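Structure, as structure tokens:
In this text the structure is predicted, and so the values were computed from the model without any measurement.
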Amino acid sequence: MLTLLKLLKDGRFHSGQALGAALGISRSAVWKQLQRLEADLNLSIHKVRGRGYQLAAPLELLEQAQLADSPYPVFIHESLDSTNAEAMRQIAAGMQSPFAVVAEQQSAGRGRRGRKWVSPFAENIYYSLVLRIEGGMRQLEGLSLIVGLAVLNTLRDFGGRSAGLKWPNDVLVGNKKIAGILLELLGDPADVCHVVVGIGINVNMIVASEVDQSWTSVRLESGCTINRNDLIVDLGRKLQGYLVRHESEGFAAIQAEWESNHLWQGRAVTLIAGAHTVDGVVIGVDQQGALRLGVAGQEKVFSGGELSLRLRHDS
Ligand code: ATP
Ligand code: BTN
């Protein structure tokens, strides 16, 4: 099916006969594959008598050759349950780190606490970078925050100029989510372990009725269709830059830069920790990347993967 899509991706008309000849199949088999493309990948294909078939819009697919400048080896998949899940399977199978896994679509893209990450075909970036951590907890401190900075700077390169960060792991434009980050660990964090840095970036998506909160994409913000291969290479470089700094200097060296990009500095928020909530005002983050909140005149520090922030209506 992907071979047929590669023939059609230029957005021009192709006759059923030419497509059949290129694939070595009959015209009716071409017709069946086209129907599957429309149904499975949610693509719109124009059919015009006498001219043939044309994708409603040209499509740029992920291409190994275009990812050659990535600082990490990148494994491309047409479809996965989740790039994080595939990365974990590869670690278990003994794949050498670092490496990255990307997919054109995910059937079970995941966010924090089992939430779903909506992942339509060939529109966005679903990227998981695997790192081997040998420095124990220090190397993990603030890791998801520096990944946020790498994603933010990549988005800025591609026209997402007004994006900012929300502690601990979101990238927003105003109150609209443009990217999410999910770190998952395999092994013993106090000793040697692997961390899967999962990054979802809304790139060319313009419609997504299944996303149940405000969202946007780089294309919606910049007005331009973005080459996802270029964005992946840039993302790899930005990640590498921040990871090298983080490893040698720790999060403390990046704390001020993170705070200057935090959209909710000084805002009145509610922190949600399971069934408990705490009202406070955001002071910033500490040298480990934990959240500092002013609560009833006192500073309190919060960290952990299960925490969520919401703006208070009176802020
Ligand atoms: P918090 O991070 O503060 O806990 P959150 O609502 O952003 O809150 P996450 O677990 O970080 O929760 O992200 C998952 C949520 O993101 C989903 O529940 C859904 O509302 C939203 N979401 C899913 N897919 C997308 C997407 N492609 N773009 C933007 N948002 C999405
Ligand atoms: C969040 O905001 O909750 C995090 C969303 C993370 C989504 C990315 S997409 C690539 C990687 N694979 C997944 O299944 N999830 C992450």
Side-chain angles (χ1 to χ4, degrees), residues 9-11 42-43 55-63 65-72 74 76 83 100 102-106 109 111 117-129 144-167 169-182 197-211 213-243 254 257-265:
K9 76 184 173 90
D10 57 11
N42 208 17
L43 293 170
L55 275 184
L59 197 64
E60 167 258 335
L61 295 171
L62 301 176
E63 302 270 1
Q66 291 192 50
L67 298 177
D69 291 335
S70 166
Y72 305 108
V74 183
I76 302 174
T83 54
V102 294
E104 293 286 10
Q105 67 179 359
Q106 298 183 118
W117 188 256
V118 174
S119 310
F121 182 81
E123 293 185 11
N124 298 325
I125 286 175
Y126 319 114
Y127 178 100
S128 296
L129 175 66
S144 79
L145 280 72
I146 65 137
V147 171
L149 273 175
V151 173
L152 182 67
N153 283 300
T154 307
L155 293 180
R156 288 185 176 153
D157 283 352
F158 285 81
R161 262 169 285 280
S162 48
L165 301 167
K166 175 194 144 192
W167 189 90
N169 70 327
D170 286 351
V171 187
L172 308 177
V173 176
N175 65 347
K176 298 177 192 162
K177 191 152 165 165
I178 191 166
I181 296 159
L182 175 68
V197 177
I199 299 171
I201 304 179
N202 295 335
V203 182
N204 292 320
M205 186 162 82
I206 49 172
V207 189
S209 52
E210 320 90 282
V211 181
Q213 63 168 297
S214 291
W215 65 274
T216 187
S217 65
V218 187
R219 178 167 166 198
L220 286 172
E221 295 305 314
S222 67
C224 302
T225 304
I226 307 297
N227 182 315
R228 291 174 305 142
N229 293 292
D230 292 347
L231 202 151
I232 288 171
V233 173
D234 195 47
L235 175 63
R237 289 187 181 137
K238 295 281 190 303
L239 283 165
Q240 191 186 43
Y242 277 102
L243 288 166
I254 306 163
E257 182 184 343
W258 195 91
E259 285 183 341
S260 69
N261 287 291
H262 191 206
L263 293 169
W264 291 6
Q265 282 294 111

Taking C-beta and beyond as the side chain, do Ile206 and Leu220 meet within less than 4.5 Å on heavy atoms? yes
Of Asn202, Asn204, Ile178, Val173, which is the lone residue that meets side-chain contact (heavy atoms from CB on, under 4.5 Å) with Val218? Ile178
When you look at Leu235 and Tyr72, which way does the side chain to side chain contact (heavy atoms under 4.5 Å, CB included) test go after all the steps? CA-CA 10 Å; Leu235 175 63; Tyr72 305 108; over 6 Å; no
How many angstroms lie between CG in Leu59 and OG1 in Thr225, if you round to the nearest 0.5 Å? 11.0 Å
Checking side chain to side chain contact (heavy atoms under 4.5 Å, CB included) for the pair Val203/Leu231: CA distance, chi angles, key distance, verdict? CA-CA 9 Å; Val203 182; Leu231 202 151; 4.3 Å; yes
Looking at every non-hydrogen atom in both residues, tell me the closest pair between Ser128 and Gly198 and how far apart they are. OG-CA, 4.0 Å
Least distance between heavy atoms, Pro71 atom then Val233 atom: CD-O, 4.2 Å
Taking all atoms of both residues into account, what is the closest heavy-atom pair of Tyr126 and Gln105, and its distance? CE1-CA, 3.9 Å
Is Glu60 salt-bridged to Lys9, cutoff N-O under 4.0 Å? no
How long is the span from the CG atom in Leu172 to the CD atom in Gln213, to the nearest 0.5 Å? 8.0 Å
One pair to check against side chain to side chain contact (heavy atoms under 4.5 Å, CB included): Val74 and Leu62. What are the steps and the verdict? CA-CA 10 Å; Val74 183; Leu62 301 176; over 6 Å; no
Counting heavy atoms not belonging to Asn42, are there more than 12 under 6.0 Å from its CG? no
Spacing of CD1 belonging to Ile146 relative to CD belonging to Glu257, to within rounding of 0.5 Å: 10.0 Å
State, with a plain yes or no, whether a side-chain heavy atom of Leu263 is found less than 4.5 Å away from one of Trp167. no
What I'd like to find out is whether the side chain of Trp215 reaches to under 4.5 Å of the side chain of Val118, using heavy atoms alone. no
With no hydrogens and no angle check, just 3.5 Å: does a side-chain donor-acceptor pair link Glu221 and Thr216? yes
Short side-chain to backbone donor-acceptor contact, Asn261 and Leu165, under 3.5 Å: no
Report yes or no: does Arg237 contribute a side-chain atom to a donor-acceptor pair with the main-chain N or O of Ser70 at less than 3.5 Å? no
Could you check Asn153, Asp157, Val151 and say which one makes a side-chain contact (heavy atoms from CB on, under 4.5 Å) with Leu155? Val151
Closest contact, heavy atoms only, Ile226 versus Ser222: CD1-OG, 4.0 Å
Is the shortest side-chain heavy-atom distance between Leu129 and Ile199 below 4.5 Å? no
Sub-4.5 Å side-chain heavy-atom contact between Arg228 and Gln66: no
Approximate separation, where rounding is to 0.5 Å, of Arg219 CZ and Cys224 SG: 9.5 Å
If you measure from CH2 on Trp117 to NZ on Lys177, what distance do you get to the nearest 0.5 Å? 5.0 Å
Decide whether Glu259 and His262 meet the rule of one side-chain donor and one side-chain acceptor closer than 3.5 Å. no
Side-chain (Asp234) to main-chain (Asn229) donor-acceptor, under 3.5 angstrom: no
Within-4.5 Å side-chain heavy-atom neighbours: Thr83 and Tyr127: no
Hey, could you give me the NZ/CG distance between Lys238 and Leu243, rounded to the nearest 0.5 Å? 13.5 Å
Considering all heavy atoms, the nearest Ser144-Ile181 contact: O-CD1, 4.2 Å
Is the count of non-hydrogen atoms from other residues, nucleotides or ligands lying under 6.0 Å from Arg156 atom CZ greater than 12? yes
